[in-house]
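Beneath this line is the structure, given in structure tokens, with notes to follow.
Positions are given from 1 along the sequence.
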Amino acid sequence: MKRSIQDIVKQIFYNVQFGKTCHQKNMKTLKELYEHNDLTEFWSIFELCFKVPLSIPQQHPRVQNVLMFIAKFAASLYIVAENDESEESMCPFLAKLFDFILTNHHARETGVRFRICHFLNMLLNAMGDQAFIDDNLCDRITNSMMERLLDRSPKVRVQAIFALHRLQDPMDDQCPVIKMYMFHALKDPNAEVRRAAINNMGKNQKTLQVAIKKTRDVDERVRKVAYIFISKITVRSLTIIQRDQLLNDGLKDRSEIVKTTVRNVLLPAWLKHFNGEYISLIKALDAEIGTDVSVLALETLFKDAQLSTLIEELPIDKETKLIPLKNLVSENALYWKCLARYVQREFTEELEQILPELTTFCTYISDFIALMSSQQTNKWVKDMQKFVLLQLFEITTFYDLSDEVGRKKLQELILNTLMGNHWTEEIIECVVTHLVKVIPDVNTRLDTLANVISDIRLPLKETAVTQISEEQQQQINLQKAKLRIQLLELKDEEYQAIQDKEYLKADNLKNQIDKLNEKIKTLSEPAVVPVISNEEVREKSDSDTMIKCLSIICTMMHSVTSLTPTLRGLMQIFHDSLDHPNDKVHVLAIKGISICSILDKSFAKEHILILFLQFSLEQENNEIWIMTLKGIFDLFLLYGLDYFDILENVSEGDSNKTANTEKSRTKLYTDNDSEVAFEKMTQNFTGDGNCNIINILTELLENEDEKLRTVATEGLCKLLLNRRIAGTKLISRLIILCFNPVNDNDFYLRQCLSGFFSNFIVRIPDAVTLLEQIYLPTLATICNAPETSPLREVDPYDISKFMLNLIHLGSRKPGPHNNLVFTILAEVLNPESNIDQQMLIVTLKNVRINLEDNAAKEDLRKAIADVKDQVDPSEKRLLQCIRIFERKIDAPEDADMPMDEDTEAEDNDN
């Protein structure tokens, strides 16, 4: 009995679901049916079978196999049509298939919309690399999938992105597909959609900038694909700043997935671009500007490289094991240092292959310094040479100092460098720190450096005097007599040559005579010997001298645990430098006083007022305040506020007083009334007056200077975590600071606050209680922000979710929001509330409750019923949130149940 077409097609669809090996055989059968039967009849049967896999939303290999078979079958008909010489550009079946897809893409069921977009992607990919489609069809596909890109289901949006992949044109600046990809990569609330958009968008300058931004996405998977996208673009398309930033962020990312991607994908791709030459890669990162990033990149790449390959690239002379001075530039020096550090850490014995003996290396550095002194070069060349010198000194730290001769040579080199003119603060920090190993004895080392500082500020004055013995004078006279005899003989020969008309010989003799006369004249001059003068020399206090001396002192204090007599003798330099006109000197003076205060408790109490008074001075350079802040926070963390008699709690009313006090303080501090001003400020800063230092520090959270704001935030967070201070208002301000759009690009500040709250809920026992207290006041601050305030851009719903999540994470009992939910409902029912009540209702779906008391449940039902009564029936979104909350009252075990898709989409919209 002959089977019907319908039975054959159904059998084919049944067969192909089990595997791909039978696809070719069944495709041949289906193609024969298509060619020998009426299109309308064939399509009606095919359509019925096709709808079955489209209606199954679950991910299943059998559904995937069937759809893949259909896509291959349709694509095979496209190839036949392409070879056909008729004017028709596409076979009728394929046209019907596209029409069916594009007619049903907005189906009611989410699963069907998902499958249609999924299949469209399969079909376009199956059509081959050289495929063309009609412009009208292309526009229809684009418009249809654009609609699906706005679908409320993230899964559908992802498949729409895949389906549009082959319709984009990266060469067209106005390509609508590219524009939609960039929009969703930047703005879509769902991480999977952002990831798909980055993965599928074509590569051009605009999409590159999008990918760079998304390397800082909140989702680690998005950051990963962003780095993969960038790795496929030539490194020369990026600026040096972008290269450094990408590597710095990627190699330091908190996610191991991202770090692995940068290590194994991005860095090797960049190295390959430079033909595997590490020094060329360093040059592309700019060794001097991106030093830290270059070091990090090299250390990462070294782990997967052969040591012989690394040593081979080092441009050292095989005999001397030194880079010739003429070839010594920033990239070579940095690579040399990094390789030496790597070999010393991992191999040790092979270090002698790339470094000579310490004595030889010290002589090499001395020769380089002499070369620097002998050349008249541009500023950028001098800066490059100082950078190289720093790398050379850092290489000396890898040597074993058991060699007495080498250690003495290194000590001499370091002291000469400190006394010389070729230095930077980094060089001083390096050599003074290394001096701890060169001169292990603390007192000897401090005395040596104190003498260096004294010599720098009070250089010995030399005067030239004549000083010669009688014996030396006799030797000089005897030498002059011999020269005069030779002179007479030469003159006789010259005379005779002239007589004989031998003029060339006479001219030569004349030159010899002139040289002898010059020697006799030199010997006749008195000998001059330099002698040290006892004449008093004035101390040098110019900016360069003071910066050098203060840098030496600050660095040398890092290696001690207490203030020695030698260090106390140098303290006057810090006090004198506070009035220096150079801001850098002022900053180093503040740093020095701060370090001394850390080393000595009594010194800290005596001198902390000097730090406080810096805020009373008008400063054009915020670096002074930044250094002062760091010092104050360190002292508060070490000793506590009680030790300095400072108020701890930040009251509600102190904030306004702080601003007024600062203004009056500035006015009082005048030359005419300095004593009154000083006394007034002393009272204020020590807590005897109407303000305290914590209020002043808190006001800096809103300072317009980003760095100052960040230092203040970090310091206050540390004080809170270490329970040196307390205050609900301060915590509220820190939460608002997280969401303030002013700080969107201050990534260090945001990371600092993220780390603070992660530790706050764990380390502070009453963290949950504090958060519950500030919940409504924090939301009120956002809702009542002035029109001109950047806080108007903040969505209070985001802050509400953030605080509820913190309370959940910090709670150690079921139903973390049991107490807070009554507060929220009371505020919703409060007619005088200044908080967005609709936002509070939406927030209810994020509340986690677990009430065992029936009376409390009944009170909650009454409250939610009152809330429902005042909600307009047309507000379906709010009513849906109320229904979700009502289910939680009776079924606390379902409090963490996933929201339905519609609610999730609404949540994302908020």
Side-chain angles (χ1 to χ4, degrees), residues 51 53-59 63 100-121 140-165 167 176-201 214 217-219 221-222 225 795-798 800-801 836 838-839 841-846 871-888 894 896-910:
K51 287 180 178 179
L54 290 182
S55 63
I56 302 175
Q58 292 81 11
Q59 292 283 6
V63 177
F100 174 83
I101 293 171
L102 300 178
T103 303
N104 294 282
H105 73 88
H106 45 59
R108 179 180 178 84
E109 293 296 328
T110 303
V112 176
R113 299 197 304 273
F114 170 84
R115 281 297 175 199
I116 285 178
C117 296
H118 184 204
F119 175 74
L120 180 57
N121 176 46
R140 283 190 65 193
I141 296 174
T142 302
N143 293 333
S144 299
M145 291 302 102
M146 289 287 192
E147 288 185 40
R148 297 282 58 81
L149 278 175
L150 302 177
D151 199 283
R152 71 183 182 186
S153 170
K155 294 181 179 179
V156 175
R157 296 201 298 273
V158 169
Q159 291 304 317
I161 286 173
F162 292 149
L164 283 169
H165 172 68
L167 301 182
V177 177
I178 291 287
K179 286 184 177 181
M180 288 298 286
Y181 277 172
M182 292 193 296
F183 172 79
H184 284 277
L186 292 171
K187 302 294 185 181
D188 199 289
N190 186 275
E192 194 64 27
V193 179
R194 298 197 300 274
R195 188 160 72 105
I198 297 171
N199 243 338
N200 286 274
M201 63 187 183
K214 298 320 290 179
D217 194 275
V218 294
D219 188 273
R221 297 169 301 167
V222 177
V225 298
D795 188 348
Y797 177 73
D798 291 336
S800 175
K801 280 201 304 182
D836 184 353
Q838 289 191 2
M839 181 275 299
I841 294 174
V842 175
T843 292
L844 291 174
K845 69 174 181 280
N846 300 311
V871 173
D872 192 304
S874 63
E875 294 285 352
K876 294 183 178 180
R877 180 172 62 99
L878 300 181
L879 293 174
Q880 174 71 6
C881 294
I882 292 174
R883 285 195 294 272
I884 293 172
F885 178 72
E886 286 177 326
R887 292 201 296 267
K888 295 181 180 182
D894 295 331
D896 294 333
M897 62 183 177
M899 294 179 290
D900 59 58
E901 192 173 7
D902 291 348
T903 308
E904 183 183 0
E906 290 167 359
D907 189 13
N908 288 334
D909 291 338
N910 280 294

**Asked** Considering only heavy atoms from C-beta outward, does the side chain of D188 approach that of R157 to under 4.5 Å?
**Response** yes

**Message:** Contact between I884 and L844 at the side-chain level, heavy atoms closer than 4.5 Å - yes or no?
**Reply:** no

**Request:** Can you sort out the partners of R195 under salt bridge (Lys or Arg N to Asp or Glu O under 4.0 Å), two or more places apart, ordered by chain and number?
**Result:** E192

**Request:** Evaluate side-chain hydrogen bond (donor to acceptor under 3.5 Å, both in side chains) for R877 paired with Q880, printing each intermediate quantity in order.
**Result:** CA-CA 5 Å; R877 180 172 62 99; Q880 174 71 6; over 6 Å; no

**Message:** Using every non-hydrogen atom in the two residues, find where M146 and V177 come nearest and quote the distance to one decimal.
**Reply:** CE-N, 3.8 Å

**Complete:** Y181 meets the ring pair (Phe, Tyr, Trp, His ring centres under 6.0 Å) criterion, sequence neighbours left out, with none

**Item:** Within-4.5 Å side-chain heavy-atom neighbours: H105 and C117
**Value:** no

**Backbone N/O of N200 and side chain of H165: donor-acceptor pair under 3.5 Å** = yes

**Item:** Test log, rule side-chain hydrogen bond (donor to acceptor under 3.5 Å, both in side chains), inputs S153 and T110
**Value:** CA-CA 7 Å; S153 170; T110 303; 5.3 Å; no

**Asked** Can a salt bridge be assigned to the pair D217 and R194 using a cut-off of 4.0 Å between side-chain N and carboxylate O?
**Response** yes

**Item:** Side-chain donor or acceptor of K845 paired with backbone N/O of R883 under 3.5 Å
**Value:** no

**Prompt:** Does Q159 reach the side chain of F162, with side-chain heavy atoms less than 4.5 Å apart?
**Reply:** yes

**Item:** Side chain to side chain, I882 and E886, heavy atoms closer than 4.5 Å
**Value:** yes

**Asked** Just one of I116, L120, V156, L164 clears the side-chain contact (heavy atoms from CB on, under 4.5 Å) bar with R148, so which one?
**Response** V156

**Request:** May I ask you to decide if V193's main-chain N or O and N190's side chain share a donor-acceptor pair within less than 3.5 Å?
**Result:** yes

**Request:** Give, for atom CG of D872 and atom CD of Q838, the distance between the pair rounded to the nearest 0.5 Å.
**Result:** 9.5 Å

**Prompt:** Donor-acceptor pair, S144 side chain versus R140 backbone, under 3.5 Å?
**Reply:** yes

**Request:** Using a cut-off of 6.0 Å, state whether more than 12 heavy atoms not belonging to E109 lie near its atom CD.
**Result:** no

**Complete:** In short, L150 meets M180 closest at the heavy-atom pair CD2-CE, 4.4 Å

**Request:** Measure the spacing between CZ of F119 and CZ of F114 and express it to the nearest 0.5 Å.
**Result:** 14.0 Å

**4.5 Å side-chain heavy-atom contact, R115 and V112** = no

**Message:** Walk me through whether H118 and V158 qualify under side-chain contact (heavy atoms from CB on, under 4.5 Å).
**Reply:** CA-CA 9 Å; H118 184 204; V158 169; over 6 Å; no

**Request:** Determine the minimum heavy-atom distance between K214 and A185, stating which atoms define it.
**Result:** CE-O, 3.1 Å

**Asked** Who passes ring pair (Phe, Tyr, Trp, His ring centres under 6.0 Å) against F885, sequence neighbours left out?
**Response** none

